[in-house]
Each structure stands twice: as structure tokens, then as C-alpha cells.
Amino acid sequence: MTRKPPYVLEAQNITITFGGLTAVNNVSLQVPYQSIISIIGPNGAGKTTFFNCISGFYSINSGVVLFQERPINGIPTDEIADMGISRTYQNIRLFSNMTVMENVMIGQQPRLHANCLDAVLQTYRNRREEKQSIQKASNLLEFVGLSAYADDLAKNLPYGAQRRLEIARALGNNPHLLLLDEPCAGMNPHETKAMIELINTLRSELKITIVLIEHDMKVVMNISDSILVLDHGERIAEGSPEEIQKDQRVIEAYLGSGTKNVIEKYSKRKSEKVHQS
Amino acid sequence: MMNKLLSKAIKNGLVAGVILIFFEMINFTSTIAVILEKMFVSDKKVKEVNPTYMIVIIGLILFLSTASFVRKNHLANEKSAAIKVLVSGLVSGLVSGILVSTLNAILGNYLNNGVDLRKYLDALSPDVIRNFLFQTDINNAIRIYMATTVGGAVLGAFASIVIQKASKLNGVFRSLKKGYNNLQIQKKCEKHPIIKKLFIVFVVIFIFALPMIINAYTISVLGIVFIYAILGLGLNLIVGLSGQLVFGYAAFYAIGAYTFALLTAPKPLGIEMSFIPAFIIALISSGIGGLLVGLPVMNLRGDYLAIVTLGFAEIIRILINSNILADYTGGPQGVKDIGQPHQPAFLVKILGKPLEENVWFLYLIIISLLVVIYIVYRLQYSRIGRSWEAMREDETVAQACGVTTSFYKVLAIVIGAIIAGAAGAIYVSRNTYTGPNEYAFMVSVNALAVVVIGGMGSIPGALLGAFIIKGLPELLRDLDNYRMLVFGALLIIMMVIRPEGLLPAKRRKLAVKPQSLEVLKEDLKP
């Protein structure tokens with residue numbers, strides 16, 4: 001029996017600098033299997049940079065990223081996708097002139113093996129693989145609720161549907177770990193609710209571990225097992241949603257350092273009012 | 001209101017006048033008039049253009065410009081339309097008439113004073129000026145010009161109104177279109193795939209019957225068109241599908257052509273191989289050429305790749321042109337007596353006598369074209385073609401989805417290079433002669449134009465593009481010196497009307513009925 005490692009992803013003391021700017025400074029993160037971890041922080045805190053170095057877009061200046069106990073520093077993005085890490089993007093990046101089906105089928109690329117000769121000669125392997133790929137893509141689209149759009153161009157989809165299509169594409173390579181970059185950005189409350197449901201199903205039904213960046217606190221507090229807060233590239237807090245809500249440094253990061261006095265004043269005045277009445 | 005209309009009409013007249021002057025300066029009007037005249041008069045030998053036809057052409061230009069002016073300004077629907085139309089026609093005609101008359105008065109005076117204007121403008125020989133003066137003196141010519149322009153403009157203005165009023169014509173078009181949509185040809189084809197298959201079989205039979213029924217000139221034009229179709233399909237794979245901007249496509253064409261030529265010709269190397277092995281070696285060497293370009297540039301994007309390949313094409317052209325290598329490549333003299341394929345014995349037996357050389361070659365080209373179409377089609381609608389298209393759309397994301405972009409880039413360039421090599425080998429074998437000048441930059445530009453005009457990533461588009469780039473100039477041959485002008489104008493018009501190409505690639509419908517969540521869960525196990 002193989003021993004299951006405790007964490008699907010382990011980032012140890014990661015530092016990323018661009019020239020003189022330190023975008024991520026000495027940040028560590030442990031992601032247990034089948035958990036949902038959120039990364040929050042003000043704009044420019046280094047959240048997406050952190051994602052980019054996990055999925056291999058940026059190289060790390062110091063520190064180690066372990067995926068299932070294997071270091072993945074410096075591995076090209078396509079091989080990282082092959083290992084089982086998928087992601088979505090903050091500003092939706094679909095293959096806009098391809099159909100929805102084709103988008104999802106591109107996501108399966110690491111799981112397909114037909115070569116040029118197979119394709120030209122239409123070998124048995126190629127035909128079987130294509131058929132399976134089409135079936136799987138249709139299943140995935142049904143899962144995220146986009147079956148109706150299957151043969152439309154990706155660019156013609158409504159905004160919310162495009163976000164879900166990105167998730168369907170990311171699921172194509174049977175990922176262990178899914179990185180969602182602001183999945184609920186720009187959505188109305190109704191769509192947000194549907195997205196929360198979808199993310200929960202991903203974990204409960206498909207057993208996928210999820211790390212997400214999100215600004216919508218309702219979403220974050222609702223679904224996260226644990227939250228990592230970054231500010232100016234540094235880790236300022238980590239813990240359960242309840243702990244984060246009370247954390248003074250988090251409040252300062254979001255609302256500014258003057259808030260402590262403001263909040264005290266406000267509560268003082270409130271209590272005075274209570275006394276007066 | 002009237003003032004505004006007047007200024008607009010004057011502007012329209014000015015534009016028409018400038019067009020007339022431009023056409024006169026390049027001697028375009030009289031060329032068209034001659035073509036028109038040839039339609040009615042056989043055996044025209046006199047240099048003088050019949051003034052009637054000149055008048056018709058000039059009148060027609062005014063007619064069209066004023067008609068479109070009236071239509072654009074919606075004069076038909078306004079109050080007292082007749083007066084407004086009459087005024088705008090008169091003004092437009094007068095303005096353009098004055099412009100063009102002034103020019104001709106000046107030119108006529110130069111002619112009378114014996115000044116030779118050819119020093120300054122090549123087209124303006126005394127004969128041409130006499131043609132534009134309608135073979136009379138200046139005063140008469142001015143009268144004719146004024147009458148023609150005003151007449152043409154007024155006629156055009158009223159014709160435009162009449163056509164717009166008779167809106168029944170529009171109704172006919174609309175009902176025709178509706179009827180066509182009701183037929184639902186496309187849907188029927190989808191339901192019964194046999195219709196499509198029958199259609200393809202019919203087209204193939206037609207193509208194979210073609211060389212037997214057309215004349216030698218058409219055969220030679222079709223040959224070059226089909227060779228460019230092969231080139232276009234290859235470049236389409238690189239530019240249209242994988243999105244790599246390769247400018248020096250002629251390099252691979254040249255490598256295939258020269259490899260084949262040197263292996264089969266008696267001079268300068270004297271190998272004299274037979275067709276098939278030489279053809280295969282030509283394919284391999286152009287593939288290696290593609291690899292040589294592809295490997296160093298696999299991390300370059302867009303413009304940089306374009307410049308690198310441009311440089312590569314120039315290197316190849318200069319190498320085969322250089323005197324130092326003349327002992328191996330033939331240098332500027334080129335290569336003569338390039339080998340041709342023999343007709344297979346069984347074919348001769350069946351037909352009783354061998355096919356004519358050019359017919360046999362056209363068959364060979366058609367077969368190669370069909371093979372290339374098949375290969376490109378299969379690649380395009382496979383995992384490989386999908387990866388190429390994803391790379392074209394967004395290279396970074398494609399790689400993050402698991403597409404090994406560097407591999408697929410090189411693969412696209414190598415396959416494209418092999419296809420170009422095939423086109424080159426067939427081309428030189430057909431001509432039995434080749435020289436360095438046949439691989440100039442224009443070949444790359446033409447191949448790129450085939451892809452862009454037809455539609456990026458579309459196979460039928462590449463075929464149509466080849467017909468337009470190589471076939472249309474032949475059809476326009478009667479226009480002589482102006483065919484490139486007309487051709488360029490047609491290209492501009494086409495790209496404005498359909499920027500995505502004439503026959504953009506169609507997406508296939510792939511979706512099938514989804515299975516249950518249980519199957520999906522099983523499927524998604526890492």
C-alpha cells in the first residue's frame with residue numbers, strides 16, 4: 001500500500017522578485033487533500049503571482065514548491081499540467097475562436113497520445129481516442145451546465161458561462177489540484193451562488209483539492225477550510241474563516257492602519273449613546 | 001438644406017473629376033474603351049480609339065458615381081426629390097466636366113506646341129492625348145466632355161431614383177433568399193451525409209475530367225494555380241492554424257525545387273536520378289530546412305519569427321544565386337533539363353497511347369493536391385490541429401493546458417516546409433528549368449496572400465485564394481498594364497468587405513449526449 005502524503009501541495013518559503021520589487025516574500029502554504037484553501041489580500045498583494053509560480057509561469061527566486069512531495073520548480077507549464085495541476089485565469093483566457101467543445105478537448109491534451117501518423121492514417125487508436133475525448137468533453141460540459149452552448153464559439157458565451165467553461169477546460173486533464181483565480185469576479189449574487197455550489201461539488205463529488213483567490217468575502221468565508229492572507233507579498237495571517245475575520249492585521253490591511261482608532265471611537269460612542277439612553 | 005446638398009454635390013463632382021483625371025494620366029480610360037470596342041468590332045488594328053466608346057466609358061463613370069451619391073443621401077425619399085436630384089446631377093456633372101476639360105485644354109495646348117509629355121508622364125504620348133481629345137480640336141473636345149459628364153451624371157441620378165422607387169426588385173431578392181433558407185440545404189446535408197459524399201465524388205470526377213476538355217493555355221494556368229494551392233495549404237498550416245507568422249515560405253519551396261532539380265538534371269551535378277527517389281529526397285531536405293529554421297526560433301513569437309524566416313529565405317536565394325557555388329547549383333544561369341516523371345506503363349496500355357505531356361502533368365499535380373488536402377484535413381481535425389489552433393489563440397494558456405508548444409511549433413513548420421518542398425519539386429519538374437529568380441520574395445508574399453484572402457485555417461479558402469492570386473491575373477490579362485492595378489483594387493475591396501477571408505474556416509459540431517455523473521467521476525480519476 002502506498003503511503004498517502006499529507007499534503008497535495010506544499011510551498012516552503014517562496015520568494016519571487018521582479019527586478020527590485022519583491023512580489024512574494026517568504027510565503028509558505030500547506031494544502032491538505034480535498035480541502036478548499038482561499039488566498040485573499042488587497043490588490044497587488046501577490047496572490048496571482050503566487051499562483052503563477054505554482055503553475056510554472058514564473059520561476060521562484062528562493063524556496064521550494066512540492067506537488068505530491070515532488071519539487072516542481074522550473075518545470076515547464078505543460079509538464080505541470082501533465083502532473084495534475086490545472087488553473088483558471090483572473091481575466092478570462094479562453095480560446096475564443098474555437099468552440100466550447102474544442103476548448104474543453106484542449107484541456108485533455110496531456111491525456112491524449114495520438115501522433116501525426118495516427119491522425120493522417122485514422123488508426124484505430126486515433127479514432128477511439130477522439131471518440132472518448134468527445135464523450136468526456138460532453139460529460140464535463142453537462143457537469144458545469146453548459147451543454148446548451150456546446151457547439152458555440154467560446155467568445156459568444158455570456159460572462160458567467162465563460163468562467164464555468166474555464167473550469168470545465170481545467171478539469172480535462174484529471175487534476176489533483178485546481179487553482180481558481182477569482183472565479184466569482186464580476187458575477188451577480190445568483191451566479192455567485194451557483195459558482196459556490198459548483199466548487200463544493202468539485203470537492204465532494206470529484207475529490208479535487210482547490211486553492212482559490214477571491215475578493216468576494218461571502219464566498220471566501222462560506223467555502224474555505226482555511227484562509228491565507230497576503231499583503232505586499234507577505235503572509236500576514238492564516239487560519240479558519242472565524243480567526244481571519246477577527247484578525248487585527250487583516251482588518252488593517254484591508255481598511256488601513258487608522259482603522260483601529262476609528263473602530264474604538266465608534267464603539268465608544270456607541271456605548272456612550274447606550275449609557276445616555 | 002439646399003446649400004448643404006449643393007456643397008455635397010460639388011464634392012461628389014470633384015471626386016469624380018479627380019478619378020477621371022487620374023485615369024487619363026495613366027491612360028486607363030482608353031484601354032478600357034479599346035476592350036469595349038473589341039467586343040463589337042473584330043480585327044481592330046487602328047491606333048485611334050473610337051470616340052464613341054471613350055464617351056461611353058466617361059459617361060459611365062459619372063453615371064455610377066452620381067447614382068451612388070443619390071442613393072447614399074437618400075434623396076429619393078425627400079420632398080421635391082426630382083428637383084434635388086436634377087440639381088445634384090447637374091452640379092456634379094458640371095464640376096467634374098470643368099475639371100477634366102481644363103486638363104484636356106492644357107494637354108491639347110502642349111500637343112499643339114509640340115511638347116513631348118512622355119518625359120514627365122510615361123502614358124501621355126501624343127496619340128493618347130489625341131484619343132482623349134476625341135480626335136478633334138480643343139474646343140470641340142471640351143464641348144463633348146461637358147455634355148458627357150453632365151449627361152452621365154443626370155442620367156445616373158435619375159436612374160438611381162427609378163431603381164429605388166421600383167423597390168419591387170428588393171422584394172424579389174428577399175423572397176429568393178427566404179426561399180433558399182427554407183430549403184435548408186445545409187441541414188439536409190447534415191442529416192444525410194451521403195449527399196455531401198456524392199458531391200465530393202462528383203467534384204473529384206469533374207476535376208479528373210478537366211484536363212481532357214480544356215485547351216493548352218488553360219492547362220498551364222490551372223497547373224500553376226494548383227501548385228499555388230499546394231503552397232497555400234502548407235503555409236495555411238503554419239500561419240492559419242498554428243499562428244506562426246512565417247514570411248520566408250519561398251525558402252522551403254526553393255529547397256525542394258533545387259534539391260529535385262540538381263538530383264535529376266544532367267548539369268551541374270550529373271546525378272540524373274529518376275523521379276520518385278529524387279522527389280522523396282526533395283521532401284526530406286525541405287523538411288530538414290524547416291527543422292533548421294524551427295529549432296532556433298521555437299521560443300520566438302510573432303514579428304521576430306517573421307523577420308528570422310524572411311532572412312532565411314534571402315539566405316537561400318542568395319546561396320543559389322551566388323557565383324561561388326555555381327559549380328554545385330548552376331548559379332545565376334539556373335538548372336536546365338530537369339527530369340520528368342514517366343507515365344506508368346499500365347496507364348499507356350489502358351489508354352492505347354500516352355497522354356500528352358502537359359495533360360499528364362496536370363493529373364500529377366491534381367493527385368498531389370488531393371493528397372495534400374487529405375493530409376492537411378486529417379491533421380486539422382485531430383488533436384494536433386486543435387493544439388495548433390489553441391496555440392494561435394493564446395500560446396501561454398495553451399501551454400498551461402498541456403500543449404507542448406515548442407514541439408507543435410516546430411512540427412507545424414516542418415510539415416509546412418515538406419508541403420512547400422513538394423510544390424517546388426513538382427513545379428521545376430513541370431518547367432524542366434529553374435533559376436534563382438523564381439524564388440524571390442514575391443513567392444512568399446503570394447503564398448501569404450493566398451492564405452489571408454482565402455481565410456486563415458480554411459482548406460477551401462486556400463484553394464479559392466490560389467485561384468484568385470494566380471488565376472485572376474490571367475483572366476485579367478486583357479487589361480494589360482493595368483491588371484496589377486485592378487488586381488490590387490480587388491484585393492482591397494475583398495479585404496474590406498470580408499476581413500476574415502472569403503471562405504473562413506467552419507467549426508465542426510462535436511457534442512454528443514452526456515453520460516451520468518458516475519461515469520464522469522470515474523473518468524476524472526487522476
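Residue numbers start from 1 in every chain, and the chains themselves are labelled A, B, ... in the order their sequence lines are given, proteins ahead of strands. Owing to the predicted nature of the structure, the values given are computational and were not obtained by experimental measurement.
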Exercise for review: Starting at CD1 of B:Ile365, measure out to CG of B:Leu370 and round the result to the nearest 0.5 Å.
Suggested key: 12.0 Å
Study note, to complete from the structure: In terms of heavy-atom pairs under 4.5 Å with chain B, the winner among A:Asp82, A:Leu140, A:Leu94, A:Leu141 is A:Leu140
Review point. Any idea which of A:Asp118, A:Ile208, A:Asn97 has the most non-hydrogen atom pairs under 4.5 angstrom with chain B?
Key: A:Asn97
Check your understanding: Taking everything shown except A:Tyr159 itself, do over 12 heavy atoms lie less than 6.0 Å from its OH?
Key -> yes
Exercise for review: Please test A:Gln34 against A:Thr209 for side-chain hydrogen bond (donor to acceptor under 3.5 Å, both in side chains), starting from the C-alpha separation and ending with a verdict.
Suggested key: CA-CA 4 Å; A:Gln34 288 181 40; A:Thr209 314; over 6 Å; no
Review point. Which one, A:Asn126, A:Val104, A:Ile106, A:Leu121, leads in non-hydrogen pairs under 4.5 Å with chain B?
Key: A:Ile106
Exercise for review: Kindly check if the number of other-residue, nucleotide or ligand heavy atoms within 6.0 Å of CZ (A:Phe51) is above 12?
Suggested key: yes
Exercise for review: Identify the residues of residues 393-407 of chain B whose heavy atoms come closer than 4.5 Å to a heavy atom of chain A, ordered by number, or report 'none'.
Suggested key: B:Glu393, B:Asp394, B:Thr396, B:Val397, B:Ala398, B:Gln399, B:Ala400, B:Cys401, B:Gly402, B:Val403, B:Thr404
Review point. What option among A:Gln132, A:Glu205, A:Lys207 has the most heavy-atom pairs under 4.5 Å with chain B?
Key: A:Glu205
Check your understanding: Hey, is CZ on A:Phe18 packed in by over 12 heavy atoms from elsewhere, all under 6.0 Å?
Key -> yes
Review point. Think A:Arg169 forms a cation-pi with A:Phe95, using NZ or CZ under 6.0 Å from the six-ring centre and within 45 degrees of its axis?
Key: yes
Practice item. Please state whether the side chain, the backbone, both or neither of A:Met98 comes within less than 4.5 Å of a heavy atom of chain B. Key: both
Study note, to complete from the structure: If you tally heavy-atom pairs under 4.5 Å between each of B:Ala505, B:Ser382, B:Ser387 and chain A, the highest tally belongs to B:Ser387
Exercise for review: Using a cut-off of under 4.5 Å on heavy-atom pairs, state which of A:Ala170, A:Cys116, A:Gly84 scores highest against chain B.
Suggested key: A:Cys116
Exercise for review: Go through the atoms of A:Ser55 and report whether side chain, backbone, both or neither lie under 4.5 Å from a heavy atom of chain B.
Suggested key: neither
Practice item. Decide yes or no on side-chain hydrogen bond (donor to acceptor under 3.5 Å, both in side chains) for A:Asp225 and A:Ser35, but give the supporting numbers first. Key: CA-CA 6 Å; A:Asp225 297 327; A:Ser35 58; 4.6 Å; no
Point to revise | Contacting moiety of A:Asn115, where chain B heavy atoms sit under 4.5 Å | key: backbone
Review point. Got more than 12 heavy atoms from elsewhere within 6.0 Å of CD1, B:Ile200?
Key: yes
Review point. Is B:Arg507 salt-bridged to A:Glu102, going by a charged N under 4.0 Å from an acidic O?
Key: yes
Check your understanding: What do the steps show when you test A:Glu142 against A:Ser147 for side-chain hydrogen bond (donor to acceptor under 3.5 Å, both in side chains), and what is the final call?
Key -> CA-CA 5 Å; A:Glu142 176 72 14; A:Ser147 284; 2.7 Å; yes
Check your understanding: Using non-hydrogen atoms only, which part of B:Ile384 is less than 4.5 Å away from chain A: side chain, backbone, both, or neither?
Key -> side chain
Practice item. Using a cut-off of 6.0 Å, state whether more than 12 heavy atoms not belonging to B:Tyr304 lie near its atom OH. Key: no
Check your understanding: Considering only heavy atoms, which portion of A:Glu79 lies under 4.5 Å from any heavy atom of chain B: side chain, backbone, both, or neither?
Key -> neither
Study note, to complete from the structure: Cut-off 4.5 Å, heavy atoms of chain A, and the answer for B:Tyr374 is side chain
Check your understanding: Under a 4.5 Å heavy-atom cut-off, does chain B meet the side chain of A:Asp78, its backbone, both or neither?
Key -> both
Check your understanding: Which bit of A:Ile80 is near chain B, if near means a heavy-atom gap under 4.5 Å: side chain, backbone, both or neither?
Key -> neither
Check your understanding: Which of parallel (below 30°), tilted (30 to 60°) and perpendicular (above 60°) describes A:Phe57 and A:Tyr89?
Key -> parallel
Practice item. Can you run down the side-chain hydrogen bond (donor to acceptor under 3.5 Å, both in side chains) pairs that involve residues 410-419 of chain B, sequence neighbours left out, and say none if there aren't any? Key: none
